[in-house]
Amino acid sequence: MDQIIVTGNGPLSGQIPIAGAKNACLTLMPATLLSEEPLTLTNAPRLSDISTMSDLLQSLGAEVAALQDGQVLAMSSHTISNHNAHYDIVRKMRASILVLGPMLARDGYAEVSLPGGCAIGARPVDLHLRAFEAMGADLDLRDGYVHAKAPGGLKGAVVDFPFVSVGATENTLMAATLAKGTTEIRNAAREPEIVDLAECLRKMGAQIEGEGTGTITVQGVDRLGGATHPVVTDRIELGTYMLAPAICGGEVELLGGRKALVGAFCDKLDEAGIDVIETTAGLRVRRRADHVSAVDVTTEPFPGFPTDLQAQMMALLCTADGVSVLEEKIFENRFMHAPELIRMGARIDVQGGTATVTGVPKLRGAPVMATDLRASVSLILAGLAAEGDTVVSRVYHLDRGYERVVAKLRGVGAKIERVKDQ
Ligand code: EPZ
């Protein structure tokens with residue numbers, strides 16, 4: 001397994017291009033199962049999770065061609081020749097559950113392995129299943145699989161989620177496009193990835209209103225056509241790299257960034273003493289003084305502070321002036337980066353879903369271990385400004401969600417390299 005070695009190297013300057021959103025691409029790709037016509041995605045990110053989704057779709061009989069070095073995904077599923085999403089693939093990536101809605105809507109049956117939990121939590125899919133039951137599907141959970149049937153097709157229904165779920169909203173939205181009648185999704189997720197999915201489905205002929213608000217209304221149609229659609233910019237990659245100049249000093253421009261994608265995050269950065277200026281090319285970020293101020297953070301569904309930026313924000317706050325309190329409200333175990341940051345000299349006290357960070361003047365490089373995707377990049381951010389070398393192992397976590405991270409950070413002056421594990 002490879003390692004990444006980061007050495008504190010002073011202020012950064014230059015530009016970092018931001019890729020298409022992993023979490024948009026992972027829901028746009030299964031949408032190809034809804035139509036016999038080709039669906040082509042441009043601005044696709046080159047990530048291992050995208051390859052996993054390609055493998056899954058191909059196992060179901062879809063064609064997926066990665067063109068232009070993987071930035072274009074040309075897909076089509078004239079027929080779905082296999083309706084069983086196997087555990088061997090699903091266990092690698094929870095987003096695999098997003099093939100369930102499209103297969104059920106298109107052909108009236110599907111067998112999808114339950115994804116199982118992951119490092120950050122149990123991550124059940126009960127909301128997805130309740131939505132399909134409300135739409136008339138018969139679900140049978142056995143042998144670790146969901147066996148779903150809707151022989152007469154899905155029916156439009158009111159789906160009222162007890163709490164916000166991005167994946168359940170996406171799965172229900174896709175299924176509703178081919179259901180008979182009208183579906184109203186209440187307490188829907190409002191993330192930009194949901195809006196991007198709705199825009200793509202509309203290009204395919206779906207009749208959708210209200211995406212980006214808490215209520216999405218879908219008028220089912222008999223069939224969907226093809227489309228070509230650009231994947232929206234990755235707001236989590238964007239927020240991650242915005243923190244690099246915040247931690248190291250200097251000024252970096254994030255190409256393709258827009259404030260609308262990271263509104264609450266920018267507000268927090270401003271409170272901590274970091275300027276974010278919107279330019280024609282993207283977002284320019286620099287900190288106003290030598291040290292940032294402590295701030296309190298609570299993660300919430302969009303448009304609140306994203307849980308996927310909590311670990312990265314903690315890396316910044318380790319050397320802030322004062323005490324910061326971070327509350328993780330979305331997942332039950334998303335502070336695994338804290339013990340690793342403590343190895344670098346951070347002062348962090350974790351009590352349940354709350355982490356209290358007392359700023360220290362500087363972190364010290366150390367050997368650390370990546371535990372999940374966003375934790376891995378928070379350790380790299382911390383290493384950018386630490387004294388000495390930080391050696392991050394298990395960087396395969398990183399490859400799931402960050403393309404070319406060494407090249408992108410080197411491009412703005414970071415001292416970082418990737419080595420084969422000794
Ligand atoms: C999506 O996961 C993202 N993944 C996650 O990003 C992100 O952290 C999360 O949304 C929240 O924004 C993708 O889009 C592929 P949820 P998802 O359903 O859809 C609970 C990353 O780092 N829940 O909004 O799985 C769940 O356990 C990843 O890129 C149920 O209880 O998240 C969690 O506590 C990590 N039952 C909360 O709801 C359900 O049926 C929010 O989960 C569904 C979810």
Side-chain angles (χ1 to χ4, degrees), residues 16-32 39-57 64 66 68-73 75 89-90 92-99 115 118-120 123 165-167 169-171 174 189 191-200 229-243 254-258 261-262 265 299 301-302 306-312 330-331 334 370-378 380-381 395-409:
I16 297 180
I18 302 301
K22 165 180 85 84
N23 290 349
C25 204
L26 289 175
T27 188
L28 289 164
M29 292 173 75
T32 190
L39 173 61
T40 299
L41 300 177
T42 59
N43 193 40
R46 281 71 59 90
L47 302 167
S48 58
D49 268 9
I50 304 305
S51 307
T52 304
M53 182 58 82
S54 296
D55 294 347
L56 174 58
L57 292 173
V64 182
Q68 293 178 33
D69 186 27
Q71 283 201 293
V72 172
L73 298 172
M75 303 177 290
I89 300 181
V90 174
K92 283 196 278 185
M93 187 183 62
R94 293 182 33 73
S96 305
I97 192 71
L98 294 173
V99 302
C118 74
I120 64 177
R123 301 187 70 184
S165 160
V166 171
T169 300
E170 291 164 345
N171 231 339
M174 289 191 282
E191 275 69 2
E193 294 77 41
I194 307 276
V195 174
D196 202 38
L197 173 62
E199 287 171 355
C200 178
H229 182 77
V231 178
V232 69
T233 301
D234 192 324
R235 62 195 171 94
I236 305 303
E237 187 193 26
L238 171 61
T240 300
Y241 288 125
M242 287 168 73
L243 285 167
L254 295 313
L255 302 179
R258 308 311 300 158
L261 291 170
V262 281
F265 181 67
T299 63
F302 195 88
T307 175
D308 293 349
L309 286 172
Q310 176 261 109
Q312 300 89 313
I330 306 292
F331 289 107
R334 203 170 196 179
T371 50
D372 61 85
L373 167 58
R374 307 303 175 181
S376 54
V377 80
S378 80
I380 287 180
L381 288 172
V395 292
Y396 57 83
H397 289 292
L398 204 65
D399 296 335
R400 297 190 55 173
Y402 290 91
E403 64 169 52
R404 300 168 46 241
V405 62
V406 169
K408 290 189 176 187
L409 285 172

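Just so it is clear, the values below take in all heavy atoms, side chains as well, and ignore hydrogens, waters and symmetry mates.
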> Let me confirm one number: the CZ-CZ distance from R235 to F302, rounded to the nearest 0.5 Å.
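If I round to the nearest 0.5 Å, the distance is 6.0 Å.
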> Please give me the minimum heavy-atom distance between P306 and T299, naming the atom from each residue.
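Where P306 meets T299 most closely, the heavy atoms are O-CG2, 4.2 Å.
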> Has T169 got a side-chain atom pairing as donor or acceptor with A189's backbone, closer than 3.5 angstrom?
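Checked: pair present.
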> Under 3.5 Å, is there a donor-acceptor pair between the side chain of D196 and the main chain of A24?
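Not a single qualifying donor-acceptor pair exists.
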> Is a donor on one side and an acceptor on the other found under 3.5 Å between the side chain of D234 and the backbone of A19?
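Looks like no, no N/O pair under 3.5 Å.
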> Rounded to the nearest 0.5 Å, what separation is found between the NE2 atom of H229 and the OG1 atom of T42?
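So the NE2 of H229 and the OG1 of T42 are separated by 8.0 Å.
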> What is the distance from atom CE of M53 to atom CG of L47, rounded to the nearest 0.5 Å?
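It comes to 12.5 Å.
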> Does either side chain, that of R334 or that of T307, offer a donor lying less than 3.5 Å from an acceptor on the other one?
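Yes - a donor-acceptor pair under 3.5 Å links their side chains.
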> With respect to Y402, which candidate in E237, K22, R374 satisfies the side chain to side chain donor-acceptor pair (under 3.5 Å) definition?
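Only one option passes, and that is R374.
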> Supply the atom-to-atom distance T27 OG1 to L98 CG, rounded to the nearest 0.5 angstrom.
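Taking OG1 in T27 and CG in L98, the distance rounds to 5.0 Å.
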> On a heavy-atom basis, which atom in V232 and which in L261 lie closest, and how many Å separate them?
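In this case the closest contact between V232 and L261 is CG2-CD2, 4.3 Å.
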> Determine yes or no for a side-chain-to-main-chain donor-acceptor pair under 3.5 angstrom, with E403 supplying the side chain and P45 the backbone.
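Such a contact is absent between E403 side chain and P45 backbone.
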> Is there a donor-acceptor pair under 3.5 Å between the side chain of D49 and the backbone N or O of M93?
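Side chain of D49 to backbone of M93: no pair is present.
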> Atom CD1 in I330, atom CG in D308: separation rounded to 0.5 Å?
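The distance works out to 9.5 Å.
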> Apply side chain to side chain contact (heavy atoms under 4.5 Å, CB included) to residues L57 and M75 and explain how you reach the verdict.
CA-CA 9 Å; L57 292 173; M75 303 177 290; 4.2 Å; yes
> Looking at every non-hydrogen atom in both residues, tell me the closest pair between L309 and T240 and how far apart they are.
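Closest pair (atom of L309, atom of T240, distance): CD2-N, 3.5 Å.
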> For residues G70 and R46, report the shortest heavy-atom separation together with the two atoms involved.
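Here G70 and R46 meet closest at C-CD, 3.8 Å.
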> Is a donor on one side and an acceptor on the other found under 3.5 Å between the side chain of T32 and the backbone of M29?
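Judged by distance alone, no pair lies under 3.5 Å.
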> Are side-chain heavy atoms of I97 and V90 found at a separation under 4.5 Å?
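No, too far: nothing below the 4.5 Å cut-off.
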> Closest approach of L56 and S96, non-hydrogen atoms and distance?
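Here L56 and S96 meet closest at CD2-CB, 3.5 Å.
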> Heavy atoms only: give me the nearest L238-V262 pair and the separation to one decimal.
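Smallest heavy-atom distance, with atoms named: CD2-CG2, 3.9 Å.
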> Please determine whether side chain to side chain contact (heavy atoms under 4.5 Å, CB included) holds for the pair I18 and L255, giving the CA-CA distance in whole Å, both sets of side-chain angles, and the decisive distance to 0.1 Å.
CA-CA 6 Å; I18 302 301; L255 302 179; 5.9 Å; no
> Starting at CG of L73, measure out to CG of L28 and round the result to the nearest 0.5 Å.
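L73 atom CG to L28 atom CG measures 10.0 Å (nearest 0.5 Å).
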